[in-house]
Number of protein chains: 2
Amino acid sequence: MTEPRWLDEREQRAWRALMAMQDGLAEFLERRLRQRSGLSTADYQVLAHLSEAPAGRLRSFELGGLLRWEKSRLSQHLGRMETRGLVSRERCRTDQRGAVIAITARGGELIEAAAPQHTADVRDAFIDQLTEAELETLAAIGDKVRTRLAALTPKGQPSSGT
Amino acid sequence: MTEPRWLDEREQRAWRALMAMQDGLAEFLERRLRQRSGLSTADYQVLAHLSEAPAGRLRSFELGGLLRWEKSRLSQHLGRMETRGLVSRERCRTDQRGAVIAITARGGELIEAAAPQHTADVRDAFIDQLTEAELETLAAIGDKVRTRLAALTPKGQPSSGT
DNA sequence: AGCAGTTGGTTCACATGTCAACCAGATCGG
DNA sequence: CCGATCTGGTTGACATGTGAACCAACTGCT
């Protein structure tokens with residue numbers, strides 16, 4: 001087995017900086033959001049998608065597609081949000097097994113209040129620290145990597161592959 | 001209350017690309033690592049730090065500082081890793097309450113086997129997709145944001161290293 | 001129509017992370 | 001020394017994420 005190409009200085013630095021930034025950013029945003037609105041980032045994303053959807057409602061699987069969540073995760077999370085009165089589940093007319101998820105009035109109020117704060121936090125901690133060129137580069141990087149990941153993940157995972 | 005500055009096109013794009021990349025990358029690496037070595041990324045990081053430490057051992061709080069994990073998380077995780085025979089806990093001589101965490105032979109073998117694979121995955125999905133300039137920019141971004149986060153966080157963050 | 005296979009969702013068991021409370025051993029001020 | 005306080009670490013209750021099993025409704029094919 002050949003010795004792999006380890007990461008050199010520059011590569012290490014970029015990789016670690018990214019990971020560290022990510023952890024810090026996620027933790028920061030999660031904490032602020034929860035403190036000020038009682039929402040987790042997961043709640044926030046669900047409500048954001050619902051509030052942008054026509055009539056504030058989406059089929060469960062559509063929501064799952066947008067969020068890229070596992071279906072069991074979505075189901076569990078919606079159950080909790082329903083208990084808290086943030087969303088409601090309705091039966092679908094055209095497909096008898098389907099669930100239509102609707103944002104409630106309370107959910108709507110909460111995300112309306114949370115959104116400006118959250119946006120300000122994202123700006124403050126992230127966007128406003130960077131130049132336009134950096135933002136461009138970042139977007140390009142993100143797209144490249146996502147494309148690559150899509151290519152590497154062909155629906156089923158190659159268990160042996162080596 | 002004044003209307004906040006929402007994110008413009010460019011900003012949205014960069015932010016979403018970053019978040020999407022992050023999710024995809026984390027999930028990809030987690031899956032590969034677990035499939036091929038039975039380790040989670042959390043396990044991997046613990047073992048990586050231990051294997052680089054003198055004599056393969058660290059005080060629990062030192063390890064926590066390096067990982068930036070909450071102490072209860074570390075304690076819980078080490079408990080599980082101990083059960084699986086990846087690390088062992090010893091009493092500290094100089095401080096009677098202290099725990100010294102040591103990597104076991106089995107833990108050593110596992111990370112030795114996992115490291116090249118993991119590095120290859122990081123390269124394949126991420127590093128090798130980017131130009132040197134992009135890596136530089138990314139490192140700069142990461143540093144800036146981390147610095148900003150440190151300034152925004154009321155608590156003191158025990159900067160490990162330096 | 002009828003039956004196989006797919007799809008949308010839920011549920012269970014379990015892995016992992018967080019918070020607060022707790023305990024025991026250090027430390028410090030008299 | 002003694003007590004107050006700090007520090008390192010563990011624990012228990014609970015929130016959240018994952019995978020497999022399951023159920024019921026839809027689709028396709030004959």
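Proteins get letters first, then strands, A, B, ... in listed order; numbering begins at 1 in each. In this text the structure is predicted, and so the values were computed from the model without any measurement.
In terms of the ring-ring contact (aromatic ring centres under 6.0 Å, His included) criterion, residue partners of B:H77 (sequence neighbours excluded) are, by chain and number, B:W69.
Atoms CH2 (A:W69) and P (D:dT18) sit 10 Å apart, rounded to a whole Å. Rounded to whole angstrom, the span from the CG atom of B:L74 across to the P atom of C:dC19 amounts to 15 Å. A:Q76 places its CD atom 13 Å from the P atom of D:dA15, with the value rounded to the nearest Å. Protein atom CG of B:L78 is 11 Å distant from nucleotide atom C1' of D:dT10, rounded to whole Å. If you measure from atom CZ of A:R68 to atom P of D:dT18, you get 15 Å, rounded to the nearest angstrom. The nearest whole Å value for the distance from the CD atom in A:E82 to the P atom in C:dG9 is 14 Å. Between A:R80 atom CZ and C:dG9 atom P there is a gap of 18 Å when expressed in whole angstrom units. What separates CD1 of A:I101 from P of C:dG8 is a distance of 14 Å, to the nearest Å.
No donor-acceptor distance shorter than 3.5 angstrom exists from the side chain of B:D121 to the backbone of B:H118, with no hydrogens or angles considered. Although no hydrogens or angles enter the test, the distance criterion places a donor-acceptor pair under 3.5 Å between the side chain of B:S51 and the main chain of B:L47.
Where A:T94 and B:A99 each meet DNA chain D at their nearest nucleotide, the meeting point lying more 5' is that of B:A99. Sequence order on DNA chain C of the closest nucleotides to A:R89 and A:E27 puts A:R89 first from the 5' end.
When heavy atoms are screened at a 4.0 angstrom cut-off, A:S60 is found touching the sugar-phosphate backbone but no base atom. Within the 4.0 angstrom heavy-atom criterion, base atoms lie near B:S75.
At least one side-chain nitrogen or oxygen of B:R31 sits closer than 4.0 Å to the OP1 or OP2 atom of D:dG19. Regarding contacts with the backbone of D:dT11, every side-chain N or O of B:R73 stays at 4.0 angstrom or more from both OP1 and OP2. Here B:R59 reaches the OP1 or OP2 of D:dG9: one of its side-chain N or O atoms lies under 4.0 Å away. Regarding contacts with the backbone of C:dT16, every side-chain N or O of B:H77 stays at 4.0 angstrom or more from both OP1 and OP2.
Legend: salt bridge (Lys or Arg N to Asp or Glu O under 4.0 Å) pairs involving residues 48-57 of chain A, not counting sequence neighbours, sorted by first then second residue: A:R57-A:E90.
Considering CZ of A:R89 and CD1 of A:I101, their distance stands at 5.5 Å, rounded to 0.5 Å.
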Distances for protein N/O vs nucleotides 22-25 of chain D N/O pairs under 3.5 angstrom?
from: D:dA25; atom 1: N3; to: A:R97; atom 2: NH1; distance (Å): 3.2

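For the residue pair B:T137 and A:E134, no side-chain donor N or O sits within less than 3.5 Å of a side-chain acceptor on the partner.
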* **Pair A:E109-A:E112, side-chain contact (heavy atoms from CB on, under 4.5 Å): steps then yes or no** => CA-CA 5 Å; A:E109 289 160 22; A:E112 295 261 315; 5.7 Å; no
